[in-house]
Amino acid sequence: QVPLVESGGGLVQAGGSLRLSCTASGRTFSTYAMGWFRQAPGKNRELLAAISRRGSSTYYPDSVKGRFAISRDSAKNTVYLQMNSLKPEDTAVYYCAASSVYNMASITDNYDYWGQGTQVTVSS
């Protein structure tokens, strides 16, 4: 088990920025690939960004490429999601997740640990 706690969500105006943080407990943070997801009401959970165990590789779907950036700080057991140029359609609950099996995980099913989520609301 690796408890994950997200923070940094909130209300922001369209065009603004937010940085989400996800802190993991335990000493094995660097052995997990990490990812950020979101889920809006009535929609499927969507992968936003993924980062490899050592942080050397990242993945973004075209829908957020250029606006979102994932990074990790192993000394702080934390993974970040920097979100810029936010739009009202970015409104959702945002989750971080950890994969214990894969060095890089770009599929939802590849993740086995999830945080509780943090709400992001973008006003127009």
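Fair warning: this is a prediction, and the values are worked out from it, not measured in the lab. Numbers for residues simply follow the sequence, beginning at 1.
Annotation for S99 and Y102: closest pair OG-N, 3.3 Å, computed over non-hydrogen atoms. When all heavy atoms of S85 and S17 are compared, the closest pair comes out as N-OG, 4.3 Å. Taking each heavy atom of W36 and I70 in turn, the nearest pair found is CD1-CD1, 3.6 Å. Residue S123 comes nearest to L11 through the heavy atom pair CB-CD1, 4.2 Å, listed as atom of the first residue, atom of the second, then distance. Shown here for C22 and M34, the closest heavy-atom pair between the two residues is SG-CE, 4.4 Å. Nearest approach of S100 to Y113, heavy atoms of both residues: CB-CE1, 4.3 Å.
Looking at T91, its side chain does come within 3.5 Å of a backbone N or O of V122 through a donor-acceptor pair. Formation of a donor-acceptor pair under 3.5 Å by the N77 side chain with backbone atoms of G26 is found in this model. E6 places no side-chain N or O within 3.5 Å of a backbone atom of T118 that could act as its donor or acceptor partner.
With respect to the salt-bridge test (charged N to carboxylate O, under 4.0 angstrom), the residues K87 and D90 do not qualify.
T23 and T78 share a donor-acceptor pair across their side chains, judged by distance under 3.5 Å alone. Side chain to side chain, Q82 and N84 meet the donor-acceptor criterion of an N or O pair below 3.5 Å.
With a 4.5 Å cut-off on side-chain heavy atoms, V120 and V93 do not count as touching. Looking at heavy atoms from C-beta onward, Y60 lies out of side-chain contact with R67 at the 4.5 angstrom threshold. Put simply, the side chain of R45 reaches to within 4.5 Å of the side chain of W114, judged on heavy atoms. Between L47 and I107, the closest side-chain pair of non-hydrogen atoms is not below 4.5 Å. Taking the side chain as every heavy atom from C-beta outward, L81 and L48 approach each other to under 4.5 Å. The closest side-chain heavy-atom distance from V101 to N110 is not below 4.5 Å. Within the 4.5 Å cutoff, no side-chain heavy atoms of K65 are placed close to those of Y59. With a 4.5 Å cut-off on side-chain heavy atoms, Q119 and T121 count as touching.
When the side chains of ILVMFWY residues are joined at heavy-atom separations under 4.5 Å, either directly or via intervening members, V64 and Y95 end up in two distinct hydrophobic clusters. Residues I51 and M104 do not share a hydrophobic cluster, clusters being chains of Ile/Leu/Val/Met/Phe/Trp/Tyr side chains in contact below 4.5 Å.
Within the cation-pi definition used here (under 6.0 Å to the ring centroid, within 45° of the axis), R72 does not qualify as a partner of Y80.
Rounded to the nearest 0.5 Å, atoms OH (Y32) and CG (L4) are 9.0 Å apart. A distance of 12.0 Å separates CZ of R53 from OG of S74, quoted to the nearest 0.5 Å.
In summary, the aromatic rings of Y111 and F37 are positioned with their centroids under 6.0 Å apart.
Heavy-atom neighbours of Q39 CD from other residues, nucleotides or ligands within 6.0 Å: above the threshold of 12.
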